[in-house]
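Step one of this worksheet: look at the structure below.
Side chains included, hydrogens not; waters and symmetry mates left out as well; all remaining heavy atoms used. Heads up: numbering here begins at 1 and tracks the sequence.
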Amino acid sequence: MYAKTIRAAFISSMPVLMGYLTMGMAFGILLATQVKGANGFTAFVMSVFTISGSMQFAAVDMLRNSAAYSLILTALLAFMINIRYTVYGLPFLRTFRPYPRFLRYYLIGTLTDETYAIETQDRRHGKDKLLYLFCVAFFDHMYWITGSVLGAVLGKMIPMAWTKGIDFAMVALFIVVLVDLCREKSNHIPAFIGGVVTTGVLLICLEICPAHINKILLPAMFLVIFILLAVKNPLSKKLEAAK
């Protein structure tokens, strides 16, 4: 029975395999080529304990320009970038509660976007479910660690000129995710607000304080969240009325 469950978890995680390997390699190459002293071990440690691709890509710039990031700013950026994971955990409150503490913490810590998408589709129960959830989380975690370490090793071997443009990998991923969401959802207002506000903050920063252009993420995210919360209730009422 255990072998069947492990096999099912591996098959379910297969779509994540290529994505995590390629994105992990992109991160590893960036880390090794843009951060002084970074290597495969650095990528391994970051991937084992951070378990957030978007945060790790952001960390490359933070480490490269460490003088521009205070401890408070770094903590706020980490919180804003990863705040979505607090919502992901809600459906699993009852599911994870009976599990041993160390397994519970691991399942919570490895609940990435893709792992969440796979685990929410599962309908198993009891020990079979526990094994399935653990295996999916473990496989996805190993894919990312493997990709990032391979990327860091390659980054030390290939010329820096060959890596030009690879930092666009995470941006490209988010664009693909945004396009898919816009195709699935009828309400495109949040995407529109996010695009307009971020572009506006970028243009204002270029005009007023171009030297701080790498610090626009935090104010842009705060402003987007504030506007979305401000228009949430009126918008919900209009959508309900339209139905």
Side-chain angles (χ1 to χ4, degrees), residues 6-66 68-69 74 77-78 80-85 88 106-119 121 133-181 214 217 221:
I6 295 172
R7 181 174 179 273
F10 177 71
I11 293 174
S12 298
S13 69
M14 284 297 289
V16 182
L17 173 60
M18 292 308 298
Y20 273 18
L21 280 179
T22 53
M23 291 302 299
M25 288 181 67
F27 160 73
I29 292 173
L30 282 177
L31 181 69
T33 56
Q34 297 190 12
V35 178
K36 186 177 180 180
N39 51 32
F41 180 73
T42 310
F44 173 79
V45 172
M46 291 183 67
S47 296
V48 167
F49 294 104
T50 306
I51 319 179
S52 170
S54 52
M55 187 62 222
Q56 287 182 231
F57 272 87
V60 172
D61 183 70
M62 292 179 183
L63 293 172
R64 184 179 55 192
N65 304 298
S66 57
Y69 290 92
T74 302
L77 281 172
M80 297 297 294
I81 291 173
N82 297 308
I83 193 173
R84 69 187 186 278
Y85 293 125
Y88 287 173
Y106 183 75
L107 290 172
I108 293 171
T110 54
L111 197 60
T112 61
D113 302 350
E114 294 76 13
T115 302
Y116 170 83
I118 295 173
E119 291 182 349
Q121 302 301 315
L133 295 179
F134 171 77
C135 288
V136 168
F138 179 76
F139 289 146
D140 290 352
H141 195 189
M142 291 303 106
Y143 300 154
W144 180 264
I145 292 172
T146 302
S148 63
V149 172
L150 284 175
V153 173
L154 288 174
K156 290 295 185 181
M157 299 169 58
I158 61 179
M160 186 175 293
W162 292 10
T163 66
K164 186 177 181 181
I166 201 170
D167 52 344
F168 189 72
M170 182 57 73
V171 179
L173 175 63
F174 280 122
I175 291 175
V176 171
V177 172
L178 176 62
V179 170
D180 285 341
L181 287 174
N214 62 335
L217 180 60
M221 292 178 72

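- Residues passing the side chain to side chain donor-acceptor pair (under 3.5 Å) test with Ser12, sequence neighbours excluded: Tyr132.
- One distance of note links CG of Asn82 with OG1 of Thr112; it measures 11.5 Å at 0.5 Å rounding.
- With rounding to the nearest 0.5 Å, the separation of CD in Gln56 from OG in Ser148 is 6.5 Å.
- Evaluation of the side-chain contact (heavy atoms from CB on, under 4.5 Å) rule for Phe49 yields Val45 as partners, not counting sequence neighbours.
- To the nearest 0.5 angstrom, Met55 atom CE is 7.0 Å from Thr74 atom OG1.
- The side chain to side chain donor-acceptor pair (under 3.5 Å) check on Thr110 picks up nothing, with sequence neighbours excluded.
- Under the rule for a ring pair (Phe, Tyr, Trp, His ring centres under 6.0 Å), Phe44 has no partner lying at least two apart in sequence or in another chain.
- Here CG of Leu30 is found 10.5 Å from CG of Asp61. Values are rounded to the nearest 0.5 Å.
- From Leu133, atom CG reaches atom CD of Glu119 across 4.5 Å, with rounding to the nearest 0.5 Å.
- Tyr116 is linked by a side chain to side chain donor-acceptor pair (under 3.5 Å) to nothing, counting only residues two or more places apart in sequence or in another chain.
- Heavy-atom contacts from other residues, nucleotides or ligands closer than 6.0 Å to CE of Met142 number more than 12.
- Under a 3.5 Å cut-off, the side chain of Thr50 and the backbone N or O of Ser47 do not form any donor-acceptor pair.
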- prompt: Would Met25 and Thr22 satisfy side chain to side chain contact (heavy atoms under 4.5 Å, CB included), going step by step from the backbone distance to the final call?
  reply: CA-CA 5 Å; Met25 288 181 67; Thr22 53; 5.8 Å; no
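- Pairing each heavy atom of Ala137 with each of Leu107, the nearest pair is CB-CD2, 4.1 Å.
- Contact of the Ile118 side chain with the Asp140 side chain is registered, since non-hydrogen atoms from C-beta on lie closer than 4.5 Å.
- Within a 6.0 Å radius of OH in Tyr106, other residues, nucleotides and ligands contribute more than 12 heavy atoms.
- Ring geometry for Tyr20 versus Trp144: interplanar angle over 60°, hence perpendicular rather than tilted (30 to 60°).
- Using a distance-only test at 3.5 Å, with no hydrogens or angles considered, a donor-acceptor pair links the side chain of Lys156 to the main chain of Ala38.
- Distance check: His141 NE2 to Thr146 OG1 gives 10.0 Å after rounding to the nearest 0.5 Å.
- Considering all non-hydrogen atoms of both residues, Ala152 and Ala43 come closest at CB-CB, 3.8 Å.
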Side chain to side chain contact (heavy atoms under 4.5 Å, CB included) assessment of Val136 paired with Val16: CA-CA 10 Å; Val136 168; Val16 182; over 6 Å; no
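- Shown here are the ring pair (Phe, Tyr, Trp, His ring centres under 6.0 Å) partners of Phe139, two or more places apart in sequence or in another chain: Phe10.
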